[in-house]
Amino acid sequence: MTMTLTPPTLRFSGVSKRFKDGTTALTDTHLAVSPGEFASVVGPSGCGKSTLLRIASGLDHATGGTVDVGAQRLGYVFQDATLLPWRSVLENVGLFAELEKMPGVERNRRITEVIELVSLTGFEKHLPHQLSGGMRMRVSLARSLVLDPDVFLFDEPFGALDEITRERLNGELLGLFERERFAGLFVTHSVGEAAFLASRVLVMSPRPGRFVAEIEIPFAYPRPPDLRFDPDFAVVAGRISAQLREKLP
């Protein structure tokens with residue numbers, strides 16, 4: 001019997017990025033994320049982590065190598081919630097669906113569904129300035145979830161939040177991943193966050209960035225919040241931190 005291997009949803013093959021000012025952000029970058037896999041990327045500031053996501057999304061282009069995105073629908077959550085201040089939660093969540101010209105009945109159903117998924121039921125008429133930082137990030141997440149993405153890109157979406165809110169949203173994001181099973185690529189500066197969320201953590205070198213280490217996370221989903229206090233979790237996080245320190249000049 002011949003086994004059919006599922007191709008990666010996202011693949012970088014020898015990708016490099018050189019900007020017009022001569023700065024090389026990425027070099028010889030190889031990455032494959034499979035359907036239903038959640039991968040995290042950590043690395044020092046300026047190593048090209050955000051550039052990696054921008055290239056994957058099509059917002060920027062590689063200057064070398066190839067990028068294959070085998071997905072019809074892609075979600076992207078930025079560092080800032082980037083909400084339209086004059087639109088309500090309901091209207092912000094529906095924005096991408098409107099731009100994609102999703103039929104009205106389906107759009108309304110998906111908006112209602114994802115607002116419930118991200119625990120914003122009852123806040124549909126609120127404007128962004130009436131929400132906490134964590135709630136604004138939930139709106140940003142819901143806005144992409146409406147499109148039911150095959151690939152979800154996260155550019156440090158919780159980096160500006162306090163620790164308690166960040167940990168709560170980590171747990172909610174894991175719940176969404178376990179339900180939706182998109183292919184996730186999550187960029188963060190937090191080793192603990194990377195290890196808690198991902199099945200695999202990739203470590204990048206200083207600029208020009210490339211992947212220099214890969215650590216498999218041995219904990220099954222679903223993951224309880226108190227996993228962070230497990231001695232085995234501390235060992236894994238320590239391995240990631242050691243790889244980061246080893247690659248710093």
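One-based numbering along the sequence shown. For clarity, every value in this text was computed on a predicted model and none was experimentally measured.
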- Task: Please examine the side chains of Leu173 and Phe158, heavy atoms only from C-beta on, and report whether any two atoms are closer than 4.5 Å.
- Result: yes
- Note on the structure: Between Pro128 and Leu83 the two heavy atoms that sit nearest each other are CG-CB, 4.0 Å
- Within a strict 4.5 Å, meaning less than it, do heavy atoms of the Leu202 and Val42 side chains meet? no
- With Arg143 via salt bridge (Lys or Arg N to Asp or Glu O under 4.0 Å) - residues at least two apart: none
- Message: As an exercise, state the distance from CZ of Phe186 to CG of Asn170, rounded to the nearest 0.5 Å.
- Response: 6.0 Å
- Query: Is it true that atom CD of Glu124 has more than 12 heavy atoms of other residues, nucleotides or ligands lying nearer than 6.0 Å?
  - Reply: yes
- Query: For Arg207, does the CZ atom sit with more than 12 other heavy atoms under 6.0 Å from it, leaving out its own atoms?
  - Reply: no
- Message: Are the side chains of Ser241 and Val191 in contact, using a 4.5 Å heavy-atom criterion?
- Response: yes
- To the nearest 0.5 Å, how far apart are CZ in Phe182 and CZ in Phe38? 6.0 Å
- Message: Do Val235 and Leu227 sit in one hydrophobic cluster, given that two such residues count as connected whenever their side-chain heavy atoms are within less than 4.5 Å of each other, even indirectly?
- Response: no
- Query: With the threshold set at 4.0 Å, does a side-chain nitrogen-carboxylate oxygen contact exist between Arg73 and Asp150?
  - Reply: yes
- Note on the structure: Between the CE atom in Met137 and the CZ atom in Phe78, the distance rounded to the nearest 0.5 Å is 10.5 Å
- Message: Is it true that, when you exclude Ile164 itself, more than 12 heavy atoms of the residues, nucleotides or ligands shown sit nearer than 6.0 Å to its CD1?
- Response: no
- Note on the structure: Closest non-hydrogen contact found for Gly209 with Thr29 is O-OG1, 3.6 Å
- cation_pi(Arg223, Phe219) dist<6.0 Å, angle<=45: no
Throw together a table of side-chain donor-acceptor distances under 3.5 angstrom for residues 45-62, partners on residues two or more places apart or in other chains.
residue : atom : partner : partner atom : Å
Ser45   : OG   : His189  : NE2          : 3.2
Lys49   : NZ   : Gly43   : O            : 3.0
Lys49   : NZ   : Pro44   : O            : 3.2
Ser50   : OG   : Asp155  : OD1          : 3.0
Ser50   : OG   : Asp155  : OD2          : 2.9
Ser57   : OG   : Leu53   : O            : 3.3
Ser57   : OG   : Arg54   : O            : 2.9
Ser57   : OG   : Leu59   : N            : 3.3
Asp60   : OD1  : Lys17   : NZ           : 3.0

- Can Leu127 be reached from Ile111 by stepping across I, L, V, M, F, W or Y side chains whose heavy atoms are under 4.5 Å apart? no
- Message: For residues 41-60, which residue pairs pass the ring pair (Phe, Tyr, Trp, His ring centres under 6.0 Å) check, not counting sequence neighbours?
- Response: none
- Query: Does a side-chain heavy-atom distance below 4.5 Å link Pro218 with Val236?
  - Reply: yes
- Task: Output the distance between atom CE (Met204) and atom CG (Leu31), rounded to the nearest 0.5 Å.
- Result: 9.0 Å
- Of all the heavy-atom pairs spanning Val33 and Ala183, show the shortest one and how long it is. CG1-CB, 4.0 Å
- So Asp21 and Thr23, side chain to side chain donor-acceptor pair (under 3.5 Å) or not? Walk me through it. CA-CA 6 Å; Asp21 65 1; Thr23 302; 3.0 Å; yes
- In terms of heavy-atom contacts, does CZ of Arg107 have more than 12 from other residues, nucleotides or ligands at under 6.0 Å? yes
- Where at least one partner belongs to residues 81-95, residue pairs that pass salt bridge (Lys or Arg N to Asp or Glu O under 4.0 Å), sequence neighbours excluded: Arg87-Glu98
- Message: Could you check whether any side-chain N or O of His30 sits under 3.5 Å from a backbone N or O of Ser13, counting only pairs where one atom can act as donor and the other as acceptor?
- Response: no
- Taking it one step at a time, do Thr188 and Phe154 satisfy side chain to side chain contact (heavy atoms under 4.5 Å, CB included)? CA-CA 8 Å; Thr188 178; Phe154 303 90; over 6 Å; no
- Determine the minimum heavy-atom distance between Phe233 and Gly192, stating which atoms define it. CZ-O, 3.5 Å
- Task: Working to the nearest 0.5 Å, report the span between CD of Gln79 and OG of Ser140.
- Result: 11.5 Å
- Message: Could you check whether any side-chain N or O of Asn92 sits under 3.5 Å from a backbone N or O of Leu84, counting only pairs where one atom can act as donor and the other as acceptor?
- Response: yes
- Kindly give the heavy-atom pair with the smallest separation between Val187 and Pro157, and that separation in Å. O-CD, 4.4 Å
- CG (Leu117) and CD (Glu172) are apart, to the nearest 0.5 Å, by 10.5 Å
- Item | Any donor-acceptor N/O pair, Thr27 side chain to Pro208 backbone, under 3.5 Å | no
- Which pair of heavy atoms, one from Leu147 and one from Met102, lies closest together, and at what distance? CD2-CE, 4.0 Å
- Message: Please list all pairs meeting salt bridge (Lys or Arg N to Asp or Glu O under 4.0 Å) that have one or both residues in residues 175-191, counting only residues at least two apart or in different chains.
- Response: Glu113-Arg179
- Measure the shortest side-chain to side-chain distance between Ile215 and Gln243 over non-hydrogen atoms and say whether it is less than 4.5 angstrom. yes
- Heavy-atom donor-acceptor pair, Asp162 side chain to Thr165 backbone, under 3.5 Å: yes
- Task: Report whether Tyr221 and Leu176 are members of the same hydrophobic cluster (ILVMFWY, side-chain heavy atoms less than 4.5 Å apart, transitive linking).
- Result: yes
- salt bridge (Lys or Arg N to Asp or Glu O under 4.0 Å): which pairs involve residues 184-201, sequence neighbours left out? Glu37-Arg200, Arg166-Glu193, Arg200-Glu214
- Does the side chain of Asp68 come within less than 4.5 Å of Phe12's, by heavy atoms? no
- Message: Determine whether Ser205 and Arg210 satisfy the following criterion, side chain to side chain donor-acceptor pair (under 3.5 Å), listing intermediate values before the conclusion.
- Response: CA-CA 6 Å; Ser205 70; Arg210 60 188 179 88; 4.6 Å; no
- Are side-chain heavy atoms of Val139 and Phe123 found at a separation under 4.5 Å? no
